Engineer: 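My questions all concern the structure below.
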There are 2 protein chains.
Amino acid sequence: MLLSKSCVYGIRAVLYLSVNDEREYVPIKEISDKMGISFHFLTKILQVLTNAGMIKSMKGAKGGVGLNQPASSISLYDVIRELDGETLFEECVLGLPGCADDNPCSMHKIWRVTKAELKKELEEENFGSLAQQITEDEIRLYDV
Amino acid sequence: MLLSKSCVYGIRAVLYLSVNDEREYVPIKEISDKMGISFHFLTKILQVLTNAGMIKSMKGAKGGVGLNQPASSISLYDVIRELDGETLFEECVLGLPGCADDNPCSMHKIWRVTKAELKKELEEENFGSLAQQITEDEIRLYDV
DNA sequence: TTATATTAAGACATAAGAGTCTTTTATCAC
DNA sequence: GTGATAAAAGACTCTTATGTCTTAATATAA
Ligand code: FES
Ligand code: FES
């Protein structure tokens, strides 16, 4: 697996919030219902993003969660870093200590290029652009 | 994590066998000791590769495991496919059902290119070449 | 102020991955 | 044949990821 389930759910939830950016707060229950994700599990995941300042939350009626920054300023990499950390992009893929061009393992040559490209694209792709593509039906957000 | 621990250990063990290709059988204990991997765990992993025909094994004194094909004919992708399957390269990275260019998710555009390149390189990199680089001290096999 | 809606927090449960241990089976050396 | 060596097989444990449930805290609305 490239990404953990938590991370995937987190990305999809932030996508949902980006698409619904005109609403200040969206109940987590609404997101979990539409996505078919466990409500309590998603709640815990979104708490991490709330603590990171990426999204904001409010309790009570009319409460929920919402983006705390412009969707266009949040990258896919931002969410991945919060939920899965950066080990995918920093540690040796064969589990050897340290990963550097002058201390390579058998997969280093392949993975160093791939991961650098992947990281760059994840950093450049923002949720504003993705939300627009979802709204315009160019990409999907749900299982349909 | 890109690869499971089983997969990483499997790759490293096949690397060891490739470097020691002149020996018909190498005891698993020797590999696990040198690599600092649990002997019984590695045994189970190598059984998968044995059943797949990639390596051969023999019980008893002078027994062990050894490559069942020329090292140059085994690719990194071969080992990954046996131990981790192909879900990394086939399934939607956001967990949506199906993954196709005409049915993309928000990460499809980024990941489809990355994964295709990665897969190609993993298929092209063979253990003969890697063993030679290890022998020539260009890449490392152990934690040192 | 009371009822309702909603997140926060944390205990608890389940499943899968990772790792250990024991017993069985096969091969070699003597 | 007997004893030593080593893989095969499978039961078992430990850890982590995933998922569920309950209670508390807080905000709104009537
Ligand atoms: S040293 Fe292994 S991935 Fe860089
Ligand atoms: S549809 Fe999600 S990765 Fe292709």
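A, B, ... follow the sequence lines: proteins, then strands. Residue 1 opens every chain. Here the structure is a predicted model, which is why all the values come from computation and not from measurement.
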Engineer: Give one of base, sugar-phosphate or nothing for A:Leu46, where a contact means two heavy atoms less than 4.0 Å apart.
Structural biologist: nothing
Engineer: Looking at B:Ser57, does any N or O in its side chain come under 4.0 Å of the phosphate oxygens OP1/OP2 on D:dA8?
Structural biologist: yes
Engineer: Would you call B:Lys115 and B:Leu88 a side-chain contact if the rule is heavy atoms closer than 4.5 Å?
Structural biologist: no
Engineer: Tell me if the side-chain of A:Lys5 makes a donor-acceptor pair with the base of D:dG19, cut-off 3.5 Å, by modelled atom types.
Structural biologist: no
Engineer: With a 3.5 Å distance limit and no angle check, can you tell me whether A:Asp84 reaches the backbone of A:Ile80 through a side-chain donor-acceptor pair?
Structural biologist: no
Engineer: Looking at D:dT20, I'd like to know if its phosphate oxygens (OP1 or OP2) sit under 4.0 Å from a side-chain N or O belonging to A:Ser38.
Structural biologist: yes
Engineer: On DNA chain D, compare the nucleotides closest to B:Thr50 and A:Leu3; which residue's is nearer the 5' end?
Structural biologist: B:Thr50
Engineer: Using heavy-atom distances to pick each residue's nearest nucleotide on DNA chain C, tell me which of A:Pro27 and B:Ser6 is more 5'.
Structural biologist: A:Pro27
Engineer: In whole angstrom, give the distance that lies between atom CG of B:Leu83 and atom P of C:dA16.
Structural biologist: 19 Å
Engineer: If you look at every strand shown and take non-hydrogen atoms under 4.0 Å, does A:Phe39 touch a base, only sugar-phosphate, or nothing?
Structural biologist: base
Engineer: Would you kindly give the OH-to-C1' distance between A:Tyr9 and D:dT20, to the nearest whole Å?
Structural biologist: 13 Å
Engineer: Any idea which of D:dA29, C:dA9, C:dT7 is nearest the A:Ile28 side chain?
Structural biologist: C:dT7
Engineer: Quickly, which of B:Glu124, B:Lys120, B:Glu86, B:Glu125 forms a side chain to side chain donor-acceptor pair (under 3.5 Å) with B:Tyr77? Name it, please.
Structural biologist: B:Glu86
Engineer: Would you mind reading off the distance between A:Met1 atom CE and D:dT18 atom P, rounded to a whole angstrom?
Structural biologist: 10 Å
Engineer: Here's a test of your reading of the structure: between A:Phe41 and A:Ala61, which maps to the more 5' nucleotide of DNA chain D?
Structural biologist: A:Phe41
Engineer: Whole Å only: how far is the CG atom of A:Leu42 from the P atom of D:dA17?
Structural biologist: 18 Å
Engineer: How many Å lie between CG on B:Leu49 and P on D:dA8, as a whole number?
Structural biologist: 11 Å
Engineer: Report yes or no: does B:Asp78 contribute a side-chain atom to a donor-acceptor pair with the main-chain N or O of B:Ser75 at less than 3.5 Å?
Structural biologist: yes
Engineer: Nearest whole angstrom, please: distance from the C1' of D:dA17 to the CG of A:Asp84.
Structural biologist: 11 Å
Engineer: Counting distance only, does the side-chain N/O of B:Asp21 pair as donor-acceptor with the main-chain N or O of B:Leu67 below 3.5 Å?
Structural biologist: no
Engineer: Nearest-Å distance, NZ (B:Lys59) to P (C:dA29)?
Structural biologist: 18 Å
Engineer: Distance check needed: D:dC12 C1' versus B:Lys44 NZ, whole Å only.
Structural biologist: 10 Å
Engineer: Name the residue closer to the 5' end of DNA chain C, choosing between A:Gly64 and B:Met58 according to the nucleotide with the nearest heavy atom.
Structural biologist: A:Gly64
